[in-house]
Amino acid sequence: MDDKIIEFATLLRENGLRVSLAENMDGFHAVELIGLGDRIAFKDALRATIIKRAIDASTFDELFDLYFSGLGEMVKGSASSLMGAMQLDDAAFQRLLDSLAQILNDLDAELSELAQALLNNNTGQLEKMLRNAAAAAQLQNIQRSFQEGRYAHNMAQTLGLGGLAQELDALKQQLGEADIDPQLREQLQRFIDRRLQDLTDMIKRAVRMELEKRDHSVRENQRLQSLAEKSFYYLSEEEIRRMKEAVAKLAQRLKNVVSIRRRKAKRGKFDLQDTLRKNLQYGGVPFKIQFDRRVRDKPQVMVLCDVSDSVRNVSRFMLQFVYSLQDLYSRVRSFIFVSEVGEITQLFEEQEINEAIEQSLTGGIINVFAHSDFGRAFRNFHRDYIAAVNNKTTVIILGDARNNYNLPHEWVLKEMRQRAKQLIWLNPENRLTWGFGDSEMDRYVPYCDIVEECRNLNQLYRVIDRLVR
Amino acid sequence: MPSTDGRFASIEDVIARFGQQKYICSRRIATVVYLANHLEKPILVEGPAGVGKTELAKVLASSLGHELIRLQCYEGLDEAKALYEWEYAKQLLYTQILKDKISEVLGGAQTLTEAVDRIAMEDDVFFSDRFILPRPLLQAISAEQPIVLLIDEIDKSDTEFEAFLLEVLSDFQVSVPELGTLRARHIPLVVLTSNNAREMSDALKRRCLHLYIDFPPASQELEIVRLKVPGISETLAQEVVNVVQRIRQVDLKKTPSISETLDWAKALTLLNADRLDEQMVNDTLNTVLKYEGDIRKAQDELKDYLQKQKAKLQGPAGVESDKDLLH
């Protein structure tokens, strides 16, 4: 059993779960204690010892079923489908098996182990033989589907399928000559033919199952990884949903990092007054030293998001990110623009994040179907909100600066820069294309403290991380 | 009946004994508890708030007849508050009171060095068990009897503390520089709970058995309600559980937990309700849901359900709507 657990753990690792040696050992001890009699308890024991994250549980469940019962279930399933094909119920099938055993006994037929297991429908034995054959054929090395045929062939050879076919042919011959009821004889011969066919099927299915095990969540993992590098431009609905989760997770991670950073930065200079006060209870003997607590400025953030068609996805994740991290900032104000500016801060206070984002992106606040006009949007911003920008504010502008050849009005940025603590521009376009066509990026860049390309999740994370430092 | 050697005989034994403590647990929970008990490993319990993680530890302690020592984690929790602290004030007080005795000891000393040497010979007195203030972890390790140690909301603590905990959890020993290494007499049964505010380190997870408790299925929740709210009528219990299970499907800020189901059931029995109607639900929904927005959403969701229930009650006309309900 230990071997099987080790192999199972390897399988889990191949599917991207972390299983350490210590956990493996725990698995052994647990199984020793629980025993193998109770399947559910066995599964729970393995789960508790080997799986340590709730999200891994579903992968574990699937692989457990595939690994520990896949083959057995298949062997049993093959017998029951045979019953169905021969139009026999349980009892009749059992009678057939019994009479066959009786006849074999009478005929004194010498059958190989495999033939016996097959004809007696000894599922346990069959499963074991299939497993051994799989191990001998090194089935665990299978990687691609085009290899299926080769591995199936190897397994058949190890099992001795050729010999078995001859053996069963001979048996059929013997049955033909024996003195039995012709109807039964015909049924038995059909049964033998079917069983041989079943075995070839079983081999094929075993190979297919092995391939599924390897394949299962390797692809899943690759997809998640590539998601972080995938450009926001080309996201499907499904990917947007997954991306939302990824953003939420990243935001949580960032929160943790920041809280540690803050804590480390907490200790300042020696504080004489506080030390004296704290140590009065010890008669003025300074047992406990007190330090200044450095108060860190929480940044104030103003986000201006372009929500025209081309950059809507980036804006979505940007907003989600900023609002997931709200408590790291003292104040967040957010605006969206296409050719006019609208404030959506209020919306976020009243609604749940995702809903607020959906509402602001679908045209509840401003006309999102207009042509981008950065210049006009900036002028409007200057008219209505410039007073809110002060020396504690970090202004983040998110947009591709594709201005449809309108006036750029870069003087607004100049003034914003003078008032604000810093001005950051995130552009979801590739850096190489900035300044070409109707892109006004070159005009805006000189007034920004930081200009970053922000095309995928990793880049977005890096930018936000810099923000809260 | 507490066992003599502090071990569960089997998984069924766990379920039975927890049942006596009025804690209904699934087989999975029982399996993990049984394993932890026999393998002497800590259990890391994760899951949403209010599914009975902390309760599990309490019940575990009482069903084994052990004492429960609880360490509540929070941000900034450090060794001094978790393990031990020297009682400076007491030490100072003693030195003050014993001033005369000390000068007596120092009486014949000729030089400063000699005086310091003499004091040094006595310093064991001041760093002994007498002046140590044991905090939960040290209490757990030095306990005479086997105990259950509950480390609650470990995710609220800092990563440094988590690292420190590793030593305690793997060897069940701590070193106090002045006293030497203290080793546990009995390996305590440790339960760590986490709300998943942050991911725990792999090193900690490796040392623990992992248990994820989710909201129970309707049948189990019904059993819990019947057990914990004795006076409740069967129909009401059923309806409360149905409604709560339904609410959990809605996308809410805070999904109602088991304890909130129980609160609601208790509130309804107190109001002498024997079945749910819309008025009653609207008046008491605030025991289950804690946000205005959530309550509004749930009311919308439940309106249909309650009307159909009502129609069903009103006799033959209700047959059709009964069908609708099945969809």
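In what follows, chains carry the letters A, B, and so on, assigned in the order in which the sequence lines appear, proteins first and then strands, with residues in each chain numbered from 1.
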Student: Non-hydrogen atoms of chain A under 4.5 Å away: do they reach the side chain of B:L211, the backbone, both or neither?
Tutor: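 Looking at B:L211, nothing touches chain A.
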
Student: Checking B:D214 against B:R28 for the salt bridge (charged side-chain N to carboxylate O under 4.0 Å, His left out) test, could you report, in this order, the C-alpha distance in whole Å, the side-chain angles of both residues, the deciding distance, and whether it holds?
Tutor: CA-CA 11 Å; B:D214 209 342; B:R28 175 174 300 168; over 6 Å; no

Student: Taking only Lys NZ, Arg NE, NH1 and NH2, and the carboxylate oxygens of Asp or Glu, determine whether A:D26 and B:R207 approach each other closer than 4.0 Å.
Tutor: no

Student: One thing to verify: whether B:R7 and B:E40 come together as a salt bridge, which I'm taking to mean a side-chain N less than 4.0 angstrom from a carboxylate O.
Tutor: yes

Student: Only pairs of heavy atoms separated by less than 4.5 Å count here; which of A:I40, A:I34, A:T49 has the most with chain B?
Tutor: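 Among the listed options, the one with the most contacts to chain B is A:I34.
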
Student: So, A:K4 and A:E7, do they make that salt bridge, N to O below 4.0 Å?
Tutor: no

Student: Are the side chains of B:H210 and B:I43 in touch, meaning some heavy atoms are under 4.5 Å apart?
Tutor: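 No, their side chains stay 4.5 Å or more apart.
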
Student: Under the ring-ring contact (aromatic ring centres under 6.0 Å, His included) test, which residues partner A:F60, sequence neighbours left out?
Tutor: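 Expected list: A:F8, A:F64.
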
Student: Could you tell me which portion of A:L33 (side chain, backbone, both or neither) has an atom closer than 4.5 angstrom to a non-hydrogen atom of chain B?
Tutor: both

Student: Side chain, backbone, both or neither: which part of B:D202 has a non-hydrogen atom closer than 4.5 Å to chain A?
Tutor: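 The side chain, not the backbone.
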
Student: Of B:D152, B:L169, B:L150, which is the lone residue that meets side-chain contact (heavy atoms from CB on, under 4.5 Å) with B:L192?
Tutor: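 That would be B:L169.
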
Student: In residues 44-54 of chain B, which residues are in contact with chain A at a heavy-atom separation under 4.5 Å?
Tutor: B:E46

Student: Salt bridge or not for B:K290 and B:D294, using N-O below 4.0 Å?
Tutor: no

Student: Among A:A48, A:A57, A:A22, which residue has the highest count of heavy-atom pairs closer than 4.5 Å to chain B?
Tutor: A:A48

